[in-house]
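Here is the structure we will look at, set down as structure tokens.
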Amino acid sequence: MRILLRGGKVIDPANGLEDHLDVLLQDGKIADVGKSLNEPDADCKQVDCSGLLVVPGLIDIHIHGYEHATPLGIDVDRYCLGRGVTTAVDAGSSGASTFAGLRKFVAEKCETRLLGFLHVSLHGLASAGCAGYGAGGECDSLKQVNADQCSSCINDNRDILIGVKVRLTADVCNDGINENEAFERAMKAAKASNVPLMVHHSISSVPVEGSADPSVLTCPGSLSKGDIYTHAFHGLKSSIINAKTHTIYPAVWESKKRGVLFDVGHGMGSFSWTVAEICAKEGFWPDLIGSDLHRESCEGPAYDLVTVMNKMLCIGMPLKNVIEAVTATPAKAIGWAGHIGSLTIGTTADITLLALESCDIALEDCQGQMRSLRQRLVPKGVWKGGNEVQITEPERFPNEAILESRRKDWPKLLIRDEQRPGSNAKRPKTSWEVK
Ligand SMILES: [Zn+2]
């Protein structure tokens with residue numbers, strides 16, 4: 001079976017391509033990319049892509065896909081593949097004791113390519129919910145936090161497992177008592193397996209800035225090149241922004257320059273327009289755009305990866321950088337460059353078609369603060385391994401009930417708009433189709 005995607009604008013940052021090109025798919029692989037490829041014969045299906053962007057299948061580096069076994073798990077095919085994401089990376093839903101189920105019941109069953117960070121806690125997020133909201137924590141007991149078992153599980157499952165995850169939030173680590181030790185063990189597990197560590201850092205007792213004592217752990221300062229700092233744009237305690245000066249902490253800039261990667265990790269509570277705009281003003285773009293899709297974010301306020309990408313476009317991140325942060329950079333970060341995240345000839349035919357449409361829509365952050373979007377990307381087609389996939393849509397977009405309920409957390413923000421968002425804020429249009 002051959003498919004010719006004709007006349008679209010290809011953006012393939014891994015290969016430095018940004019041009020109107022045709023793309024030929026054959027036997028599940030990228031067979032050719034070029035100007036005006038030959039007219040297809042009868043065996044070749046032609047797809048008119050004029051007016052559309054043709055990009056490598058999107059990679060969402062931060063989702064929670066262990067559905068039915070963890071409180072946060074979502075239907076991966078519905079919220080990822082159906083929205084243009086051909087590869088989703090589960091961010092620590094499972095640990096060494098529970099990974100077998102993630103493999104058997106999710107990774108081997110879903111059509112989306114599911115990879116994963118393994119939680120350093122043996123039971124992963126089996127009973128844990130969103131951090132910082134009083135639910136039981138996966139690192140409440142250090143008996144469950146085992147670096148050796150984590151790295152040996154990764155070594156046995158290299159086809160799926162690509163990294164280690166730890167959540168640094170006081171109330172998932174026995175009110176902060178276990179945070180430093182959990183962080184140490186997670187770093188040890190990642191080093192032993194030679195994989196990146198993804199750290200969630202929010203409402204944490206681990207400081208952003210260093211002290212005079214170099215043995216004191218900081219975050220992101222203690223991370224290594226290639227490690228991933230997720231939830232980069234939250235406005236809560238442990239934000240990368242100094243709440244007094246409204247500037248990015250020098251230690252954060254130093255870590256970025258050293259090669260620590262910063263991920264949006266939007267989720268239910270971790271994206272603030274105010275923080276994102278301060279970062280934009282300083283030219284601090286995220287290296288990775290992950291959605292942190294889970295049960296409490298998938299019908300708002302995150303919705304899906306493309307909606308999170310649209311928020312990055314709204315703060316002024318260039319389109320090419322946005323595409324790079326969901327294709328080439330995540331592929332490299334997880335050690336899968338050369339397999340996914342590019343349109344390199346001979347690699348698997350994972351492709352996403354996107355329309356860049358003008359719109360007039362107000363969209364919320366995680367605490368109900370609003371901004372107006374004038375343009376947005378919309379998924380229009382997806383192929384995974386050369387097979388076309390049905391597009392899905394949010395149930396309600398924007399979801400006013402969710403955005404209204406999120407406003408209760410506005411007082412928790414240390415970095416926020418001057419005015420509390422409320423009923424006088426611009427109301428969003430409620431139709432999915434915004435003209
Ligand atoms: Zn997460």
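For ligands, and for the atoms within them, numbers begin at 1 and follow the listed sequence.
H64 has its closest N, O or S atom to the Zn ion (ligand 1) at the position named NE2. Shortest distance from the Zn ion (ligand 1) to D292 is reached at OD1 (N/O/S atoms only).
Taking 4.0 Å as the cut-off between side-chain N and carboxylate O, E254 and K257 do not count as a salt-bridged pair. The residues R113 and D350 are annotated as salt-bridged, a charged nitrogen and a carboxylate oxygen being separated by less than 4.0 angstrom. Salt-bridge check for D148 with K188: passed, with a basic side-chain N closer than 4.0 Å to an acidic carboxylate O.
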Under the salt bridge (charged side-chain N to carboxylate O under 4.0 Å, His left out) rule, what do R416 and D365 come out as? Steps first, then yes or no, please.
CA-CA 11 Å; R416 63 190 188 194; D365 67 8; over 6 Å; no
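At a cut-off of 2.8 Å, H294 does not coordinate the Zn ion (ligand 1) through any N, O or S atom.
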